[in-house]
2 protein chains.
Amino acid sequence: MHDGSPSSQAAPPDDVTERLGYRLKRAAAALRGAMDGALRERGLTVPQYACLELLDQRPGLSNAELARGAFVTRQSMNVVLRGLQDAGLITRPATTDRGRALPAHLTEEGHRRLAAARSVVYAIDQRMTGAVPERRLADLLADLDHMAAALEG
Amino acid sequence: MHDGSPSSQAAPPDDVTERLGYRLKRAAAALRGAMDGALRERGLTVPQYACLELLDQRPGLSNAELARGAFVTRQSMNVVLRGLQDAGLITRPATTDRGRALPAHLTEEGHRRLAAARSVVYAIDQRMTGAVPERRLADLLADLDHMAAALEG
DNA sequence: TCATGCATGTCAGGAGTTTGACATGCAAGA
DNA sequence: TCTTGCATGTCAAACTCCTGACATGCATGA
């Protein structure tokens, strides 16, 4: 280990664009831009789509749970829910017997809009996933997970 | 190919959290949060730090070039530059002979603040990089690059 | 020469997000 | 019992960022 690639305690490369953080940010920005443009034509924002997707898989999620799932604050998700509610894509009870969390559910229209949006998002996911060798995909998913866990801890 | 993991034209997993886009977003959000908190104590925002880092490596970059390098719009970078200029961390000529682009440069104070911020950002980068097996790091960087390129095209 | 295209810098407006704060509801322990 | 802690929902204000638009400067080709 006299040159080349030092092992565990190596400092980040001098060139910013060679650092993991920069690459991560670039990929995330590209994804955000692509989804933003595609969803705009469907009349949805990225957080709105994320919210619908989460509710489809786990109906009854509360505002706070949705916020965590979409990586935004409770306050932000609150306005997102309000918008979706006004648009008639979700329903949420005004009160509840048990606790304070208000469970949200998709409406029929919500399911339709989600299905329409899903097709374009799938296409984007395909384009992105297709850019990485298939045998490396599982490792990639795992690494991203570990990175997030290491930073959240 | 009758079950298990179909190859190239497979649809994204039903579980949102298993999709590449979700993992990417989660990791990026975690990174953003970590950097945000660490830099706040140094009196810098993430775009401001990115701007300083870019200018350190390639002095004389214009507003538009910095914007592309930091993945924001020209308008956003413009206010960032204004802030850094008011704080005395960078300098930018009011006019220029050739063309319209105004080359920015770090001041002495800018170098100092960048050096201080760099230490905490390095620590975060270490934490993140340390979470992925070393022999996979190069592939990971390449894959992220390919993903971004596939989406930008 | 001049017209068209392109990139840059900048202003104005609006949409989205965050920070800070407060009240409500439940659970666990003194 | 009650009180402390914690999570939730919500309001208000500030900030950040983006979209849309316009003027400037250079290059290219008619």
What is the distance, to the nearest angstrom, from the [atom1] atom on [X] to the [atom2] atom on [N]?
X	N	atom1	atom2	answer
B:M35	C:dT18	CE	P	17 Å
B:Q85	C:dT10	CD	C1'	13 Å
A:N78	C:dT19	CG	P	16 Å

- prompt: For DNA chain D, which nucleotides open and close the run of contacts to chain B, 5' to 3', at under 4.0 angstrom from a non-hydrogen atom?
  reply: D:dC17 to D:dA27
- line: Comparing nearest nucleotides in DNA chain C, the 5'-proximal residue of the pair A:M77, A:D97 is A:M77
- prompt: What are the two closest heavy atoms between B:C51 and B:V80, and how far apart are they?
  reply: CB-CG1, 4.3 Å
Qualifying residues under side chain to side chain contact (heavy atoms under 4.5 Å, CB included), relative to A:P59, sequence neighbours excluded: A:H105
Report yes or no: does [X] contribute a side-chain atom to a donor-acceptor pair with the main-chain N or O of [Y] at less than 3.5 Å?
X	Y	result
B:T107	B:L89	yes
B:Y22	A:G69	yes
B:Q57	A:D14	yes
A:R23	A:E18	no

- prompt: B:L66 and B:V72: side chain to side chain contact (heavy atoms under 4.5 Å, CB included), yes or no, with the steps?
  reply: CA-CA 9 Å; B:L66 287 167; B:V72 296; over 6 Å; no
- line: The residue among A:T45, A:L52, A:V46 that forms side-chain contact (heavy atoms from CB on, under 4.5 Å) with A:Q48 is A:T45
message: Classify B:D36 by what it touches in the nucleic acid, base, sugar-phosphate, or nothing, heavy-atom distance under 4.0 Å.
response: nothing
Salt-bridge criterion met for B:R26 and A:D145 (N-O under 4.0 Å): yes
- request: Enumerate the residue pairs fulfilling salt bridge (charged side-chain N to carboxylate O under 4.0 Å, His left out) with a member in residues 36-45 of chain A, sequence neighbours excluded, ordered by first and then second residue.
  value: A:R32-A:D36, A:D36-A:R40
message: Show me the pairs that pass salt bridge (charged side-chain N to carboxylate O under 4.0 Å, His left out) and involve residues 63-81 of chain A, at least two apart or across chains.
response: none
Nucleic acid contacts of residues 66-76 of chain B, taken as heavy-atom distances under 4.0 Å to DNA chain D: B:V72, B:T73, B:Q75, B:S76
message: For DNA chain D, which residues of residues 39-58 of chain A approach it to below 4.0 angstrom with any heavy atom?
response: A:R40
